[in-house]
Amino acid sequence: MSQVKTLSITLGDGPGALQRVVTVCARRRLEVVSLSFQRAGARVDLCVEGNPRQLAGARAWLSALVDVLAV
């Protein structure tokens, strides 16, 4: 059973930070339903779809990335 989860992410200003977020989602088989990026403040609102186990790990996987300051 698939579910949807929305995460707000604050990124550092390093190059490739947004790409790493999307790559982690793809590798963990989380489907990106929507993504909104605001350059000012480097804020990402990310809506992903996956099974409950995938969604439970999403915050930890994204928090471990370089240039992710908060999830």
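Predicted model only: the values in this text are computed from it and were never measured.
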Would you say the side chain of [Y] lies within less than 4.5 Å of the side chain of [X], judging by non-hydrogen atoms?
| X | Y | result |
| --- | --- | --- |
| Gln3 | Pro52 | yes |
| Val24 | Leu30 | no |
| Val44 | Ser8 | no |
| Arg20 | Asp67 | yes |
| Leu69 | Leu11 | no |

Query - Test side-chain contact (heavy atoms from CB on, under 4.5 Å) applied to Thr6 and Val48, step by step - result: CA-CA 6 Å; Thr6 302; Val48 291; over 6 Å; no

Query raised in the report: Is there a donor-acceptor pair closer than 3.5 Å between any side-chain N or O of Arg59 and the backbone N or O of Val71?
Result: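 Answer holds: yes.
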
Report task. Examine distances only and state if a side-chain atom of Glu49 and a backbone atom of Ser2 form a donor-acceptor pair shorter than 3.5 Å. Result ->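 Checked: no pair found.
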
Give, for atom [atom1] of [X] and atom [atom2] of [Y], the distance between the pair rounded to the nearest 0.5 Å.
| X | Y | atom1 | atom2 | result |
| --- | --- | --- | --- | --- |
| Arg39 | Asp13 | CZ | CG | 10.0 Å |
| Glu31 | Gln54 | CD | CD | 10.5 Å |
| Leu7 | Ser63 | CG | OG | 9.0 Å |
| Thr10 | Gln38 | OG1 | CD | 10.0 Å |

Query raised in the report: What do the steps show when you test Ser34 against Asp45 for side-chain contact (heavy atoms from CB on, under 4.5 Å), and what is the final call?
Result: CA-CA 8 Å; Ser34 69; Asp45 290 319; over 6 Å; no

Query - Where Gly12 and Ala42 come nearest, the two heavy atoms and their spacing - result: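 So the two residues come closest at O-CB, 4.4 Å.
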
Report task. Please say which of Val33, Leu62, Val22 ends up in a side chain to side chain contact (heavy atoms under 4.5 Å, CB included) with Leu46. Result ->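 Filter result, single survivor: Leu62.
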
Query raised in the report: Any chain of hydrophobic side-chain contacts (each under 4.5 Å) joining Val32 to Val68?
Result: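 Hydrophobic grouping puts Val32 with Val68.
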
